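Note sheet for the following structure.
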Amino acid sequence: MSLTRRGWLQGAAWGVGIAGGVIAARRRRLRVLVLGGTRFVGRAIVAAVLARGHAVSLFNRGRTGPGLFPEAEELLGDREGDLAALRGRSWDVVIDTSGTNPQWVRRASELLHAAAGRYLYVSSTAAYTMSGSLRRSEESPIWPAATDAARTYGERKAAGEREVLRYFAGRATIVRPADLFGPHDYDRRAHFVRWALRARAGGEFLVLGRPENKVAFTDVRDLGAWIAGLIERDVRGVFNVAGPPFTLGALAAAAIAVGGPATPVWVDRRWAAAEGVDRKQLSAGTGSTYEMGSPLAVVRGLCFRPLVATMRDTLEWWDSPKGEAAGEAAGETPGMTAEAEAEVIAAWRASGGGSG
Ligand SMILES: NC(=O)c1ccc[n+]([C@@H]2O[C@H](COP(=O)([O-])OP(=O)(O)OC[C@H]3O[C@@H](n4cnc5c(N)ncnc54)[C@H](OP(=O)(O)O)[C@@H]3O)[C@@H](O)[C@H]2O)c1
């Protein structure tokens, strides 16, 4: 089929009109139920879905970000047991961003499978089983059902996927993100914004790893925009979202571009682990990470903004006035102190590190 013809068909399906010389596409307005939606990942998805003109109902306890989206309907309840606000209603799509417990996912899927057309579940790359290789594709095995009640996060996400597929077989979209970053990241701010803050402080900053090490994360707003498009196009299936291919060296360069001149000191991860350096106190990307990328998602329209834009916007968010939710004093660099970092760098050099 020619491009023109395909474009015409797409236009017909989506209702294209020409007004004042501008082609305006009228999308079918979807009724979208978002389970969660007011903290970080869900927030970015809701913002994107609303921006595209869809009708959104938010279901949560009303504790996190109440009134954040005045244009959305707020339905109050608790995934732990009170789903009354969802009864007797219907939606085109459910987007589950808060499904961290498989029982929550089962209750929602069971209740909604006849009342909703489709279910998009935000899972995680943690759903994949560990193996010797860091490579993963959507076909790689996920954690099997655990007999032990104390499931890990990855096992719970894998179990959540199975619940969705049980009730929405053929009508499910499973999205498995690796690390997500960007503005409003209250949980993991110690990891990402720290890059720009350390560069802004000037001097030397510690990075665990080598400049060529691959890292895999995605701006949460790119995920949100892509998911909004997926539900419009009714795309089903399983998708990894593990960023564009870039490196720790690129991250450090973006931090310097945004924060100002500073010098990364590359410290061997194994040496640091043996010395008891807590990598969780350092910037994102300094742990090992899966090598998977997002090829299927890219084919289905996922786009990535430049890394430096995520860095800049996250720093701007960090510097902006925030409510109590931020939980830390403005200006404070989260994670390891600069003094502790300098001690690690000195010990690394004393051990002969970085000299060869
Ligand atoms: N951050 C990452 O790098 C990353 C990577 C991969 C996957 N993920 C996935 O992304 C999701 C986390 O995203 P997020 O927390 O930023 O999502 P979010 O949807 O923005 O925030 C969590 C939402 O869940 C609601 N909630 C919490 N407990 C609830 C309950 N008992 N009943 C009803 N609603 C409840 C909260 O509102 P109330 O408090 O008002 O109830 C809030 O709206 C998880 O599913 C995680 O597995 C994250």
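Just so you know, ligand 1 is whichever comes first in the structure, and atom 1 is the first atom listed for that ligand. Note that the coordinates shown come from a computational prediction; the quantities given were computed from them, not determined experimentally.
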Could you tell me whether Y128 and W143 have their ring centroids closer than 6.0 angstrom?
no
Show which atoms of ligand 1 fall inside a sub-4.0 Å distance from at least one heavy-atom site of R43.
20 (O)
Which atoms of ligand 1 have any heavy atom of D78 under 4.0 Å away?
30 (C), 31 (N), 32 (N)
May I ask you to check whether F40 has an N/O atom sitting below 3.5 Å from an N/O atom of ligand 1?
yes
Output yes when E161 and R176 qualify as a salt bridge under the 4.0 Å nitrogen-oxygen rule, no when they do not.
yes
Among the heavy atoms of A178, does any lie under 4.0 Å from an atom of ligand 1?
yes
Pick from V41, L68, T64, T97: the one approaching atom 36 (C) of ligand 1 most closely through a non-hydrogen atom
T64
W348, V277: one ILVMFWY side-chain cluster at the under-4.5 Å cut-off?
yes
Taking only non-hydrogen atoms of R79 and a 4.0 Å limit, the atoms of ligand 1 in range are 30 (C), 31 (N), 32 (N), 33 (C)
Is the closest N or O pair between R61 and ligand 1 shorter than 3.5 Å?
yes
Got a salt bridge between R61 and D78, using NZ or NE/NH1/NH2 to carboxylate O under 4.0 Å?
no
Pairs of nitrogen or oxygen atoms closer than 3.5 Å, one from R39 and one from ligand 1: do any exist?
yes
Between R176 and ligand 1, find which residue part has any heavy-atom pair under 4.0 Å and reply side chain, backbone, both or neither.
neither
Honestly curious: do V175 and L165 fall in one hydrophobic cluster under the side-chain, below-4.5 Å linking rule?
no
Is W104 near ligand 1, meaning one of its heavy atoms is under 4.0 Å from it?
yes
Just jot down the ligand 1 atoms closer than 4.0 angstrom to any heavy atom of R63, in number order.
38 (P), 39 (O), 40 (O)
Looking only at distances, please establish whether an N/O atom of ligand 1 is found under 3.5 Å from an N/O atom of G62.
yes
K157 heavy atoms, cut-off 4.0 Å: which ligand 1 atoms fall inside?
44 (C), 45 (O), 46 (C), 47 (O)
May I ask whether Y153 has any heavy atom positioned less than 4.0 angstrom from an atom of ligand 1?
yes
Answer yes or no: is there a donor N or O on one side and an acceptor on the other, between the side chain of R107 and the main chain of R79, under 3.5 Å?
yes
Less than 4.0 Å between a side-chain N and a carboxylate O, is that true for D92 and R29?
no
Ligand 1 to L180 polar contact by distance, N or O atoms, under 3.5 Å
yes
Proximity to ligand 1 by part of S123, non-hydrogen separation under 4.0 Å
backbone
